[in-house]
Amino acid sequence: MTWLQWCSDYVQCAMLNGNCKKMIQHKDVVRRRIETYLKRANKTDILLKDVDRDLICGLFGYMRNYRNRKQIKANGGKLAAYTLVLFEETVKAIFNKAVRDGLMAFNPVQELTREERFHAPDKHREYLTADELKRFLAVEPQTFMEEVVQRAFGFSCMTGLRLGDMQRLRWSDIKDVNSVQTVSVIQHKTKRPVAVPLNALALSLLLPRPENGEDGIIFPLVKKPDNVAKYVRRIKNKAGIEKDFTYHSSRHSAATLAITAGAELYSVSKILGHGSIASTQVYAKVNMEKKVEAMNLTNGVF
């Protein structure tokens, strides 16, 4: 089997496994980039088992120099660091599956040095403090949709659910688990299951359930994320919160608030549905930075 044939099989497998449309499109773009590179290198017939670190280095070099004509005015069309990191992760996943299926002995991406791989710059994850969240939820909504977004945002701050999952959340997703009300869903983005016990605040933010017990959408949010963001900005401005944050900041807030309150990293990673605890450790770093900041307040006092 050639590398290109395996890439096509990988995309087909993603479709059969129910990956979302956006993820399938991304994987197919990666396949096309690999195909273009192999055509340039005159190696379209290379077998999957013969792909080595040198070929991967060449592919990554091609991507570093790739220019998106549609965005030529933005940084000369150069691909963003996060785009390159995602490209590498997908290439790595393609080979990981080949190794699992017994088609390769090892993943050639793993042989690259740190300098040869892609890296994303440290990203600031905006979050709300407990006081800011209280102020956000204390705003008197002027419209029904403003109330829906306000309640949904607060619920996400308590559960870590993404906007996409909140837009699909139904009453049947709220279950009684050992006498504890728990939200249990399959994450739309990752397809991984997550179950989060609901605290008193989360329960208070649920909209009234229909008297007929109909299994409907709990938070009837507008579909477009940009429109949801407009309501978030409107509410945060009324609350006098100067931070510039989006709906997704509720997920960062859930992690930061839990860790600040003393929750273990492992537990928080399970609440967020992270595949690796390494993804959760960034929030521990934020918490430590706040502690250092607090301790530095005493500098010069003694």
Self-check item: Heavy-atom pair with the smallest gap, counting every atom of R67 and K78
Solution: CD-N, 3.6 Å
Quiz item: More than 12 non-hydrogen atoms from neighbouring residues, nucleotides or ligands closer than 6.0 Å to NZ on K43, yes or no?
Solution: no
Quiz item: Are Y127 and I241 linked, directly or through other ILVMFWY residues, by side chains that come within less than 4.5 angstrom of each other?
Solution: no
Self-check item: Intermediate values then yes/no, side-chain hydrogen bond (donor to acceptor under 3.5 Å, both in side chains), D45 and T2
Solution: CA-CA 6 Å; D45 294 331; T2 67; over 6 Å; no
Exercise. Look only at the side chain of Q187 and the backbone of V185, and say whether a donor-acceptor pair between them is shorter than 3.5 Å.
Key: no
Quiz item: Can you tell me if NZ on K39 sees more than 12 non-hydrogen neighbours from other groups inside 6.0 Å?
Solution: no
Quiz item: For the atom pair CZ (R40) and CD (E35), what is the distance rounded to the nearest 0.5 Å?
Solution: 12.5 Å
Quiz prompt | Within 6.0 angstrom of M15 CE, more than 12 heavy atoms from elsewhere | solution = no
Quiz item: Can you find a pair of side-chain heavy atoms, one from M145 and one from V148, that are under 4.5 Å apart?
Solution: yes
Exercise. Carefully, step by step, assess R168 and H188 under the rule side-chain hydrogen bond (donor to acceptor under 3.5 Å, both in side chains).
Key: CA-CA 9 Å; R168 297 171 175 81; H188 180 68; 3.1 Å; yes
Quiz item: Taking side chain as C-beta onward, heavy atoms only, is L205 less than 4.5 Å from L137?
Solution: yes
Exercise. Spell out, as yes or no, whether a donor-acceptor pair under 3.5 Å connects the side chain of N178 to the backbone of V180.
Key: no
Exercise. Would you check if the side chain of D165 reaches a backbone N or O of L161 as a donor-acceptor pair within less than 3.5 Å?
Key: no
Practice problem: Give a yes or no on whether the backbone of L79 and the side-chain of T83 come within a donor-acceptor separation of less than 3.5 Å. | Solution: no
Quiz item: Should L203 and V194 be counted in the same cluster of Ile, Leu, Val, Met, Phe, Trp and Tyr side chains packed under 4.5 Å apart?
Solution: yes
Quiz prompt | From L133 atom CG to S249 atom OG, the distance as rounded to the nearest 0.5 Å | solution = 12.0 Å
Quiz prompt | Where L48 and L103 come nearest, the two heavy atoms and their spacing | solution = CD2-CB, 3.9 Å
Quiz item: Would Q181 and K175 satisfy side-chain contact (heavy atoms from CB on, under 4.5 Å), going step by step from the backbone distance to the final call?
Solution: CA-CA 6 Å; Q181 291 294 295; K175 301 176 174 62; over 6 Å; no
Quiz item: Where the side chain of R192 meets the backbone of G273, is there a donor-acceptor pair that is under 3.5 Å apart?
Solution: yes
Quiz prompt | L257/T260 under side-chain contact (heavy atoms from CB on, under 4.5 Å): CA gap, chis, key distance, verdict | solution = CA-CA 5 Å; L257 289 171; T260 302; 5.7 Å; no
Quiz item: Below 4.5 Å, heavy atoms only, C-beta onward: do R170 and I218 meet side chain to side chain?
Solution: no
Exercise. For the residue pair F153 and F136, categorise the inter-ring angle as parallel (less than 30°), tilted (30 to 60°) or perpendicular (more than 60°).
Key: tilted
Practice problem: Without swapping roles, check the side chain of S253 against the backbone of L128 for a donor-acceptor pair under 3.5 Å. | Solution: yes
Self-check item: Within 6.0 angstrom of D131 CG, more than 12 heavy atoms from elsewhere
Solution: yes
Exercise. Look at atom NZ of K189 and say whether more than 12 heavy atoms of other residues, nucleotides or ligands are closer to it than 6.0 Å.
Key: no
Quiz item: Going by heavy atoms in the side chains, are F118 and L86 under 4.5 Å from each other?
Solution: no
Quiz item: How far does OG of S156 sit from CE of M166, to the nearest 0.5 angstrom?
Solution: 4.0 Å
Quiz prompt | Test item: V29 and T90 side chains (from C-beta on) under 4.5 Å apart, heavy atoms | solution = no
Quiz prompt | Check: I24 main-chain N/O paired with N19 side-chain donor or acceptor under 3.5 Å | solution = no
Quiz item: Taking C-beta and beyond as the side chain, do L265 and H274 meet within less than 4.5 Å on heavy atoms?
Solution: no
Quiz item: Are V99 and M1 connected in a single hydrophobic cluster, I mean Ile/Leu/Val/Met/Phe/Trp/Tyr linked by side-chain heavy atoms less than 4.5 Å apart?
Solution: yes
Quiz item: How far apart are the closest heavy atoms of I94 and C7, and which atoms are they?
Solution: CD1-SG, 4.3 Å
Quiz item: Does NZ in K191 sit with more than 12 non-hydrogen atoms of other residues, nucleotides or ligands closer than 6.0 Å?
Solution: yes
Exercise. Begin from the C-alpha positions of D28 and R31 and carry the test salt bridge (Lys or Arg N to Asp or Glu O under 4.0 Å) through to its verdict.
Key: CA-CA 5 Å; D28 192 53; R31 180 196 65 78; 2.9 Å; yes
Quiz item: Roughly how far, to the nearest 0.5 Å, is OG of S204 from CG of N199?
Solution: 8.0 Å
Self-check item: ring pair (Phe, Tyr, Trp, His ring centres under 6.0 Å) between F95 and W3, intermediate numbers included
Solution: CA-CA 10 Å; F95 289 120; W3 185 12; 5.4 Å; yes
Exercise. Go through the steps for L84 and R117 under the test side-chain contact (heavy atoms from CB on, under 4.5 Å), then give the verdict.
Key: CA-CA 9 Å; L84 293 172; R117 301 175 73 163; over 6 Å; no
Quiz item: Can you find a heavy atom in the side chain of T182 that is under 4.5 Å from one in the side chain of D176?
Solution: no
Quiz item: Quick one: do R135 and E132 make a salt bridge, cutoff under 4.0 Å?
Solution: no
Quiz item: Are V11 and L59 connected in the hydrophobic side-chain network, where two residues link if heavy atoms are under 4.5 Å apart?
Solution: no
Exercise. Please assess I271 against T159 for the test side-chain contact (heavy atoms from CB on, under 4.5 Å), listing each intermediate value before the final yes or no.
Key: CA-CA 7 Å; I271 290 173; T159 62; 5.9 Å; no
Quiz item: Roughly how far, to the nearest 0.5 Å, is CE of M63 from CD1 of I34?
Solution: 9.0 Å
Self-check item: Heavy-atom pair of closest approach, residues M104 and V51
Solution: CE-O, 4.3 Å
Quiz item: Can you say whether the rings of F87 and F60 are parallel (under 30°), tilted (30 to 60°) or perpendicular (over 60°)?
Solution: perpendicular
Self-check item: Ion pair D101/K97, N-O distance below 4.0 Å
Solution: yes
Exercise. Please name the pair of heavy atoms, one in D244 and one in E126, separated by the smallest distance, quoted to 0.1 Å.
Key: O-CG, 3.9 Å
Quiz item: Are the charged groups of K270 and E264 less than 4.0 angstrom apart, N to O?
Solution: no
Practice problem: Using a 4.5 Å cut-off on heavy atoms from C-beta on, say whether the side chain of P225 contacts that of L163. | Solution: yes
Quiz item: Does R32 offer a backbone N or O that forms a donor-acceptor pair with the side chain of Y37 under 3.5 Å?
Solution: no
Practice problem: Taking K236 for its side chain and K243 for its backbone only, find out whether a donor-acceptor pair lies under 3.5 Å. | Solution: yes
Quiz item: According to a 4.5 Å side-chain heavy-atom criterion applied to Ile, Leu, Val, Met, Phe, Trp and Tyr, with indirect links allowed, do Y231 and F144 form part of one hydrophobic cluster?
Solution: yes
Quiz item: Do you know the tightest heavy-atom contact between M158 and A202?
Solution: CB-CB, 3.9 Å
Quiz item: Rounded to the nearest 0.5 Å, how far does CZ of F219 lie from CD of E147?
Solution: 10.0 Å
Quiz item: So, are R53 and E116 salt-bridged, with charged N and O less than 4.0 Å apart?
Solution: yes
